[in-house]
Participant: 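So that we are looking at the same thing, I have put the structure below in C-alpha cells.
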Amino acid sequence: QVQLVESGGGLVQAGGSLRLSCAASGRTFSSYAMGWFRQAPGKEREFVGRISWSGTSTYYADSAKGRFTISRDNAKNTVYLQMNSLKPEDTAVYYCAARRNYYSSAFPYEYDYWGQGTQVTVSS
C-alpha cells in the first residue's frame, strides 16, 4: 500500500513558476514508476508527465514539453513537478500517481495509487 500526498499548488500569475511535490509513504517507493496528471473543471483527467523508477527516463505531454520537469528523490520518497512559464490553460487540479512497475505510463488506468490532488490556478 502506498499513500501519496501532493503539495505546492496555489495561485500564480501567467509566466510564473510552481514546484509541486508528491510525498509517498512506504519503503518500496523506488520500485514504483510515477506519473503526474491534471484535471480541469468539466474535462477528463489528462497526462502531464511520467518518470521511471530510477528517474532516468521521463516523458511529457506536448503541452508540458519545454516548460515542466519531473524529478524524483527516492531517498526522500518524493517526486516533483517543476512548472515554469505557466499559462492560464494550466489551471487544474494536479494529481500524482504511483504504478507498481519500474516503467511509467501515460494512461491513468495503469496506475495503482493516487494522491488527493493539489489545485493550481494561473491568472492572466
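A quick note: this is a predicted structure, and the numbers were derived from the prediction, not measured. We're numbering straight along the sequence, starting at 1. Heavy-atom basis, side chains included; hydrogens, waters and symmetry copies ignored.
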Participant: Could you go through residues 97-105 and list every donor-acceptor pair under 3.5 Å that involves a side-chain atom there, pairing it with any protein atom two or more places apart or in another chain?
Facilitator:
unit_1 : atom_1 : unit_2 : atom_2 : d
Arg99  : NE     : Glu110 : O      : 3.3
Arg99  : NH1    : Tyr103 : O      : 2.7
Arg100 : NH1    : Tyr113 : OH     : 3.1
Arg100 : NH2    : Asp112 : OD1    : 3.4
Asn101 : OD1    : Tyr103 : N      : 2.8
Ser104 : OG     : Arg50  : NH1    : 3.0
Ser105 : OG     : Phe107 : N      : 3.0
Ser105 : OG     : Glu110 : OE1    : 2.4

Participant: Are any of the side-chain heavy atoms of Glu6 and Leu20 separated by less than 4.5 Å?
Facilitator: no

Participant: Do Phe37 and Val93 touch side chain to side chain, with heavy atoms closer than 4.5 Å?
Facilitator: no

Participant: Using side chain to side chain contact (heavy atoms under 4.5 Å, CB included) as the criterion, point out the one residue from Leu4, Ile70, Thr58 that pairs with Met34.
Facilitator: Leu4

Participant: Could you pull out every donor-acceptor pair under 3.5 Å between side chains of residues 117-124 and any protein atom, sequence neighbours left out?
Facilitator:
unit_1 : atom_1 : unit_2 : atom_2 : d
Thr118 : OG1    : Gly9   : N      : 3.2
Gln119 : NE2    : Ala92  : O      : 3.4
Gln119 : NE2    : Thr121 : OG1    : 3.3

Participant: Determine, using the 4.5 Å side-chain heavy-atom cutoff (strictly less than), whether Tyr111 and Val79 are members of one ILVMFWY cluster.
Facilitator: no

Participant: In terms of hydrophobic clusters joined by side-chain contacts under 4.5 Å, are Tyr60 and Leu18 together?
Facilitator: yes

Participant: For Val48 versus Ala64, what's the shortest heavy-atom pair and its separation?
Facilitator: O-CB, 3.7 Å

Participant: Measuring only between side-chain heavy atoms, which start at C-beta, is Arg19 closer than 4.5 Å to Tyr80?
Facilitator: yes

Participant: Are any non-hydrogen side-chain atoms of Val2 and Phe29 less than 4.5 angstrom apart?
Facilitator: no

Participant: Are side-chain heavy atoms of Val5 and Gln3 found at a separation under 4.5 Å?
Facilitator: no

Participant: How would you list all residue pairs meeting salt bridge (Lys or Arg N to Asp or Glu O under 4.0 Å) that involve residues 36-47, not counting sequence neighbours?
Facilitator: Arg38-Glu46, Arg38-Asp90

Participant: For residues Tyr32 and Trp36: do they belong to one hydrophobic cluster (side chain heavy atoms under 4.5 Å, members Ile, Leu, Val, Met, Phe, Trp, Tyr)?
Facilitator: yes

